[in-house]
Amino acid sequence: MTRFLLSRLWQSLVLLLLVSMIGFAVLHLAPGGPLSQFALSPGVTQEQIERIKEQMGLNRPLPVQYLDWAGHLVIGDWGKSFRDGQPVLVVIGQHLSATLQLMVSSTLLAVALGTWVGVLGAIRRYSLFDYLATVGAMVALSIPTFWFGLVTIYIFSVELAWLPAGNMYTIGDGSLLDYLHHLIAPCLVLGLVTVAIWSRYMRSSMLDVIHQDYIRTARAKGVPERVILWRHAIRNALLPMITIAGLQLPTLLSGALVTETVFTWPGMGRLFLDSLSYRDYPVVMGILMFSAVLVLVGNLLADILYAVTDPRIRLD
Amino acid sequence: MTDKTGTPDPWTWARGIAALRQPQLSRRGFLNLAAAGGAATLIAPRLLRAQPAEPTGQVIAGISQEPTVFNPLMLHIEVDEGVYFNIYNPLWGVDPDGNFTPQLAAEIPSVENGGLSEDGLNWTIRLRDGVVWHDGTPFTADDVKFSLELTVDENFRSARRAGHDLLTDITVVSPTEITWRMTQPYAPYMALLASTFIVPKHIVEAAADPNDSELNTHPIGTGPFKWVNRVAGDHIELAANPDYFGEGPYLETLVFKYIPDMTVLYTQFQTGDIDYIGLQGITPDHFAEAEQLPDRVVMPIPQPFIENIGFNMGKPQFQDLAVRQALYLAMDKAAIIDAIYYGLPKPAESYIPEGNWAYNPDLPQHEYNPERAKQILDEAGWVPGPDGIREKDGVRLAFTNSTTAGNHVREQAQQLLQQTWREIGAEMEINNLPPAVMWGDYWMMSEFDSAMVGIAFMVGPDPDTTDYFHSQSIAAQAGAGQNTVQYANPEVDALLEAGTVSVDREERKQIYYQQQEIIRHDLPYLPIFQYAMVEGTKAGFVGYTPNINVRINSWNASEWYWES
């Protein structure tokens with residue numbers, strides 16, 4: 001296990017280095033820059049833009065800029081946002097909690113609901129429920145989130161006035177109830193797609209399992225159906241889901257761009273898009289590195305959990 | 001106003017006015033009023049409603065861009081200024097009529113009151129006494145001196161140096177008096193100071209790097225509202241400053257709420273989550289619906305921005321005046337405005353917005369006349385080639401047109417132009433780019449062929465346009481400025497220089513009238529229309545006063561309140 005972890009750590013570091021180099025190069029080589037948003041500001045001259053570029057160190061050769069940035073990163077200095085001058089980690093931290101709240105609640109909902117729908121669909125294969133669930137999942141996966149979000153707002157906020165039209169909370173209120181009220185719509189909209197994905201995976205995984213010999217053996221031995229389902233089938237069917245969960249960890253923290261936009265949720269997805277469109281290099285690079293680490297950690301966790309839950313797998 | 005299509009005049013504000021329950025007003029009468037800034041008075045008939053004795057209530061202003069720069073002297077974008085107007089003060093402001101109103105200065109300097117010397121070189125500013133910063137420190141002439149010097153500090157990412165760099169001998173005479181000399185007369189400086197917010201010396205000076213002072217996270221000003229907090233990516237909250245020296249504030253809390261998507265912004269206005277829909281406003285396609293909303297007042301607000309097609313005159317296709325004239329004649333302006341912009345904006349002939357004192361109303365009116373366009377090109381020797389595209393001396397009348405990619409409204413306008421220009425033998429290819437690319441070197445260093453762009457050409461409310469039309473302002477030719485179309489006309493250069501030297505408004509008016517005639521003739525830019533942004537408030541929201549002389553309409557939030 002230790003050897004496994006060490007080698008994974010080594011691989012990860014190399015990977016992170018590559019990601020940072022490629023990301024940095026692509027970002028900086030893309031035309032435009034953080035100062036072009038000021039081009040149409042009154043009284044701004046090219047000379048002034050050049051001077052500020054110089055001050056910000058943006059006209060140095062790219063490798064020099066990279067080494068400067070990476071050198072600071074290694075000692076824990078992620079730099080400061082070009083937009084509001086805040087340290088990158090502070091900026092990420094400010095948006096991370098909003099994203100976490102939304103993603104965790106919608107994922108919990110999706111996993112619970114998706115597992116249930118998937119299992120039921122598998123054991124009652126080709127029943128009316130299964131058909132409805134299949135069609136429902138297809139529809140949920142094909143609906144553009146943007147449209148679905150707006151329709152939800154239109155029906156439940158504009159027409160019925162049951163739910164707020166987005167935002168995390170009412171400014172000046174801030175009670176838990178108010179917050180939960182605001183969470184319902186984005187959580188459902190985001191969760192719906194995940195339910196669809198999760199239920200499909202769960203259904204096929206479950207179908208695999210219930211046609212295995214050991215299930216038939218259990219039945220032949222007269223083990224009650226309920227015990228077969230819970231002790232033998234679901235436990236085994238959940239195994240591949242660990243990988244999927246691990247792979248979803250990064251999306252959990254990188255946010256849901258579209259949902260966050262429609263529901264004015266100040267999360268990581270919005271931050272990334274805003275930072276990218278303003279060419280806020282330090283923040284974009286910060287988010288990139290942050291996500292890369294999450295991908296690696298997510299994969300590692302999935303592998304380890306796999307080994308823990310399935311005694312047939314040994315990590316060496 | 002010639003209107004060739006016979007559709008209603010786009011400037012018909014009748015619907016907006018009806019919502020305000022005003023007595024009947026003839027269109028001409030209204031236009032005069034609007035020109036005089038009277039629209040403001042219509043919208044806020046203050047005498048009828050009483051302001052609250054104590055600051056009460058809250059206004060949430062919805063905006064589609066996020067303010068992020070809070071030191072007002074640093075490089076910023078217009079949305080940031082909405083916050084500045086409420087936290088900080090300039091020496092004087094500018095009202096919707098274009099008059100300067102004293103803020104931190106006790107009076108507006110003039111030759112009559114001795115504040116300005118005859119030649120416009122020596123300035124003496126008397127400051128308001130007893131003003132304190134939000135942290136309780138007294139405001140003095142030292143803060144003014146510090147702020148003016150900061151704008152030209154080499155190490156500071158200054159929003160604007162041009163103009164401020166003409167100051168010498170800035171002297172603090174007493175805590176309430178400051179004087180300076182200018183190395184040359186610069187008439188727009190008055191207007192420039194109206195958007196130069198004064199920052200607290202003791203706060204900025206305490207920072208090792210002026211770019212990184214406390215103001216970036218916790219702004220301290222002299223203005224009507226104090227900073228409470230900012231939730232990054234979401235909103236900024238301000239609270240009433242009880243010690244404010246000027247009128248108001250009447251609101252207890254003012255919130256700027258960032259809602260990036262325009263459709264969502266409108267929806268939140270519909271549901272009442274925001275009380276005022278500000279910057280970027282209601283999209284034209286929602287305008288008709290918005291007017292029907294109960295308990296909402298919605299109106300198109302003229303903006304100082306002019307939508308143009310800019311020709312890069314460094315390219316051979318555009319050096320011939322005949323080409324620019326023909327393309328203007330072949331532009332179906334009415335179709336663009338009515339079909340694509342829902343008839344909201346008003347057609348423009350000048351680069352100066354209507355309502356400004358220097359606006360020349362007598363410029364020749366555009367007509368859509370493709371036949372005449374063809375004739376002009378024929379006469380100038382542009383002969384159609386085998387593919388129908390005209391040529392002259394080996395130059396094909398083919399070019400690209402660029403603007404910010406993803407702006408669907410503009411794309412439609414481009415497609416319309418593409419069609420009508422194709423009919424007269426000019427080939428336009430649409431080449432839109434992401435904003436960071438479009439407005440980078442591609443625009444600044446004149447790498448484009450032609451561009452569709454909305455520009456506020458003036459220096460704030462001052463009609464000086466040296467930055468855009470002087471031959472020394474071409475960055476691609478080592479000049480300092482934004483003359484990205486590379487327009488060079490010695491006559492215009494002379495007028496621009498004369499205009500900045502004169503301090504007499506009547507004399508300057510004549511100069512700028514003449515300049516507008518020349519630009520209208522030379523057509524480095526084809527003016528399309530003057531922007532109107534549809535803004536709206538909840539009913540019962542009093543004091544909202546659009547002001548074309550500032551860049552954002554939350555300039556007077558200290559005077560906002562709710563009808564009780």
Side-chain angles (χ1 to χ4, degrees), chain A residues 30-49 51-52 55-56 80-86 90-91 94-95 98 146 149-150 153-154 157-158 161 164-168 170-172 260-268 270-271 273-274 276-280, chain B residues 58 60 66 68-70 75-78 154-155 157-163 192 211-212 216-217 231-235 237 253 255 257-261 263-264 267-268 270-271 273 433-445 453-456 458-460 467 473 475 480-482:
Chain A
L35 295 173
S36 57
Q37 57 166 318
F38 302 113
L40 290 182
S41 292
V44 172
T45 60
Q46 184 69 15
E47 179 210 3
Q48 191 183 346
I49 297 275
R51 190 204 310 265
I52 293 171
Q55 277 179 27
M56 294 168 84
K80 282 183 173 179
S81 163
F82 289 163
R83 289 178 73 211
D84 63 5
Q86 297 300 298
V90 170
V91 175
Q94 282 165 342
H95 291 78
F146 196 78
L150 284 177
I153 290 180
Y154 183 75
S157 310
V158 178
N167 305 330
M168 246 177 108
T170 309
I171 293 164
E260 286 178 5
T261 302
V262 177
F263 290 97
T264 343
W265 201 269
M268 294 287 283
R270 280 300 323 165
L271 175 68
L273 191 73
D274 283 350
L276 197 62
S277 59
Y278 285 99
R279 295 281 196 277
D280 190 348
Chain B
Q58 166 179 281
I60 300 183
E66 188 186 11
T68 54
V69 178
F70 304 112
L75 207 53
H76 59 260
I77 53 176
E78 59 190 304
E154 290 288 326
N155 299 315
R157 287 176 210 154
S158 177
R160 186 185 176 103
R161 299 167 54 84
L192 197 55
N211 297 304
D212 202 11
N216 295 1
T217 47
V231 176
D234 197 67
H235 71 273
E237 189 178 335
T253 319
V255 176
K257 169 85 181 146
Y258 168 50
I259 303 170
D261 185 81
T263 307
V264 178
T267 308
Q268 295 209 7
Q270 246 181 319
T271 55
D273 287 82
L433 302 163
V437 183
M438 178 67 212
W439 310 115
D441 283 356
Y442 190 71
W443 168 253
M444 291 296 266
M445 298 307 282
V453 52
I455 302 180
M458 307 191 303
V459 179
D467 258 6
S473 304
Q482 296 211 47

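Just the heavy atoms: all of them, side chains too, but no hydrogens, waters or symmetry mates, feed the values below. Predicted model, so just to flag it, every value in this text is computed and none were measured.
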Considering only heavy atoms, which portion of [X] lies under 4.5 Å from any heavy atom of chain A: side chain, backbone, both, or neither?
| X | result |
| --- | --- |
| B:Thr263 | side chain |
| B:Asp234 | both |
| B:Tyr258 | both |
| B:Asn155 | backbone |
| B:Glu78 | neither |
| B:Met438 | neither |

Over all heavy atoms of both residues, which pair between [X] and [Y] is shortest? Give the atoms and the distance, please.
| X | Y | answer |
| --- | --- | --- |
| A:Leu271 | A:Val91 | CD1-CG1, 3.6 Å |
| B:Val437 | B:Tyr442 | O-CB, 3.5 Å |
| A:Gly267 | A:Glu260 | C-OE1, 3.2 Å |
| B:Ser158 | A:Ile52 | O-CD1, 4.3 Å |
| B:Leu192 | B:Gly163 | CD2-CA, 4.0 Å |
| B:Phe70 | B:Asn216 | CD1-O, 3.2 Å |

Selection from [options] maximising heavy-atom pairs under 4.5 Å formed with chain A:
| options | answer |
| --- | --- |
| B:Glu154, B:Arg161, B:Gln270 | B:Arg161 |
| B:Thr68, B:Ile60, B:Val255, B:Leu433 | B:Thr68 |
| B:Ala475, B:Ala162, B:Ala232, B:Ala480 | B:Ala232 |
| B:Asp261, B:Leu75, B:Val69, B:Asn211 | B:Leu75 |

Measure [X] against the heavy atoms of chain B and call it side chain, backbone, both or neither at under 4.5 Å.
| X | result |
| --- | --- |
| A:Phe146 | side chain |
| A:Leu35 | side chain |
| A:Tyr278 | side chain |
| A:Arg279 | side chain |

task = Might you work through the side-chain contact (heavy atoms from CB on, under 4.5 Å) test for A:Arg83 and A:Asp274, ending with a clear yes or no?
result = CA-CA 10 Å; A:Arg83 289 178 73 211; A:Asp274 283 350; 3.6 Å; yes

ask   = Do you see a donor-acceptor pair shorter than 3.5 Å between the side chains of B:Ser473 and B:Asp467?
value =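 No, no side-chain donor-acceptor contact under 3.5 Å.
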
remark   = Among A:Gln55, A:Met168, A:His95, A:Gln48, the residue with the most heavy-atom pairs under 4.5 Å to chain B is A:Gln55

message = Quick one: does any side-chain atom of B:Thr271 pair with a main-chain N or O of A:Ser157 as donor and acceptor, under 3.5 Å?
response = no

Rounded distance [0.5 Å steps], CD1 in A:Ile171 versus NE2 in B:His235 =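 Here the rounded value is 4.5 Å.
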
